[in-house]
Structure formats: C-alpha cells, structure tokens
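Structure, as structure tokens:
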Amino acid sequence: MVNFDQDQVQKSKMRSFLVQLDQDDNNSNDDNYNYHQSEKKRRLLPKQVEFLEKSFEVENKLEPERKVQLAKETGLQPRQVAIWFQNRRARCKTKQLEKNYDVLKASFDKLKTQYDCLFKENESLRNEVNLVKKSFIHYLNI
DNA sequence: GACGTTACACATTTTACATCA
DNA sequence: CTTGATGTAAAATGTGTAACG
C-alpha cells in the first residue's frame, strides 16, 4: 500500500502537471473535452488514451519498465498509467463476462426451445397412447 | 515462520460529461 | 435558452491478498 506522504506529493505533482497541461493546450482541441480540468481532476487526453489503448492491445499487463516508458510517452505519472491499466483490465473483464453471458444465454434459449418442443411432442404422444388404451379397453368390454 | 514490500483484483467513491424534461 | 435532475463512464481510492526476498 502507498505511503501517505508519497501520495500527497504525487497528488500535488499531479495537480501542477494538469495545470501546466491546461495552459499548454487549452485551445487546440475538442471543445467539450478538457477545458475544465485545471486544478481538479483529470480525464485523460484523447491522445494519451490512444497511446495507452494501443499498448494495452499488445499486452494487457505492465512490466515496470514499460510503465515508466509509457508514462514518459504520455506525460502521465507512472501511477496513473498503472491505474489506467488496472481499470482497463477490469473493463475488459466485464465486457468478456457479458459476452460469455450472451453465448451462454443463447445456448440456453436454444436448449429450452428444444425442450419445449420435445415436451409437447411427448404430451401428444401420451395422449395418443391414452386414446389407444381407451379404445382397446372399450374393445375388450364389448 | 514472521516481517515488510509490491503489484494486483475487486469493490467503491468521486468526478466529468451527456441527456433531457 | 438555462438550469437542475439523473445516468453513465472513467479516474482514483481503499481493502484484501498473493508472491517475493
């Protein structure tokens, strides 16, 4: 777990970094996106996300070396890179889970309709048998 | 074996942003 | 057009734990 003082240091570094970032390019991009971000939290720049995303495609885990490298390339704190990867893995996992659920449900539904079909068939066959039985009994009684 | 350390998974909180009445 | 309510995705935090020296 992270040492408290270090964390504080990181936070203030982070803030000044964002302020600087804001000053650097608070014109050049998607008006909506990052023009709120000084002195507060974040929302990574599209460029940064793109970078991380590509790297994630290659390998969804982070060796320390690559973390530092990515941090340099994106201008983020290494810690932010690590967190981004953690969250990204989590997103990936839930997405995969949803996919698995969908295929499972699809095969369940298929099986269920087969079952229903067989159930009905069985029912009508039983009815048929009963009819035959009845008429046979009737025949015997006469 | 008990201890610190590190990295992670997972749950949860906090925030930015979109949508809409 | 604006404004507040509400929802959602993403960044960050917190907690527990496994691996390692």
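Note that this is a predicted model, so its numbers are computed, not measured.
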Counting only side-chain nitrogens and oxygens, does [X] get under 4.0 Å of the OP1 or OP2 atom of [N]?
X	N	result
A:Lys67	B:dT6	no
A:Gln80	C:dA12	yes
A:Lys93	B:dA9	no
A:Trp84	C:dA11	yes

* So, A:Gln96 versus A:Asn100: side-chain donor-acceptor pair below 3.5 Å or not? -> yes
* To do: Enumerate the residue pairs fulfilling ring pair (Phe, Tyr, Trp, His ring centres under 6.0 Å) with a member in residues 47-91 of chain A, sequence neighbours excluded, ordered by first and then second residue.
  =>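 Residue pairs passing ring pair (Phe, Tyr, Trp, His ring centres under 6.0 Å), neighbours aside: A:Phe56-A:Phe85.
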* So which pairs with a foot in residues 87-108 of chain A pass ring pair (Phe, Tyr, Trp, His ring centres under 6.0 Å), sequence neighbours left out? ->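 For residues 87-108 of chain A: none.
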* Once you build an axis from the first five pairs and another from the last five of the helix from B:dC3-C:dG21 to B:dA21-C:dT3, how far apart in angle are they, to 10 degrees? -> 10°
Nearest to the side chain of [X], which nucleotide is it out of [options]?
X	options	answer
A:Leu44	C:dT13, B:dA9, C:dA11	C:dA11
A:Arg43	B:dC10, B:dC8, C:dA10	C:dA10
A:Arg79	B:dA9, C:dT13, C:dA11	C:dT13
A:Val49	C:dA12, C:dA11, B:dA9	C:dA11

* **side-chain hydrogen bond (donor to acceptor under 3.5 Å, both in side chains): pairs with one or both residues in residues 104-113 of chain A, sequence neighbours excluded** =>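 Applying side-chain hydrogen bond (donor to acceptor under 3.5 Å, both in side chains) to every pair that reaches into residues 104-113 of chain A, excluding sequence neighbours, yields A:Lys105-A:Asp109, A:Lys112-A:Asp116.
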* Would you mind telling me which of A:Lys67, A:Glu73, A:Arg66, A:Lys72 makes a side-chain hydrogen bond (donor to acceptor under 3.5 Å, both in side chains) with A:Gln69? =>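 When A:Lys67, A:Glu73, A:Arg66, A:Lys72 are each tested with A:Gln69, the side-chain hydrogen bond (donor to acceptor under 3.5 Å, both in side chains) holds only for A:Glu73.
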Taking atom [atom2] of [N] as reference, at what distance in whole Å does atom [atom1] of [X] sit?
X	N	atom1	atom2	value
A:Gln86	C:dG14	CD	P	13 Å
A:Leu76	C:dA11	CG	P	10 Å
A:Gln48	C:dA10	CD	C1'	14 Å
A:Ile83	C:dA12	CD1	P	6 Å
A:Leu52	C:dA10	CG	C1'	13 Å
A:Leu45	C:dA10	CG	P	15 Å
A:Asn87	C:dT13	CG	P	11 Å
A:Asn60	B:dC8	CG	C1'	12 Å

* Linking Ile, Leu, Val, Met, Phe, Trp and Tyr through side-chain heavy atoms less than 4.5 Å apart, which residues share a cluster with A:Phe119? -> A:Tyr115
* Sequence neighbours excluded, which residues qualify as side chain to side chain donor-acceptor pair (under 3.5 Å) partners of A:Asn130? ->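 Partners of A:Asn130 by the side chain to side chain donor-acceptor pair (under 3.5 Å) criterion come out as none, since no residue qualifies.
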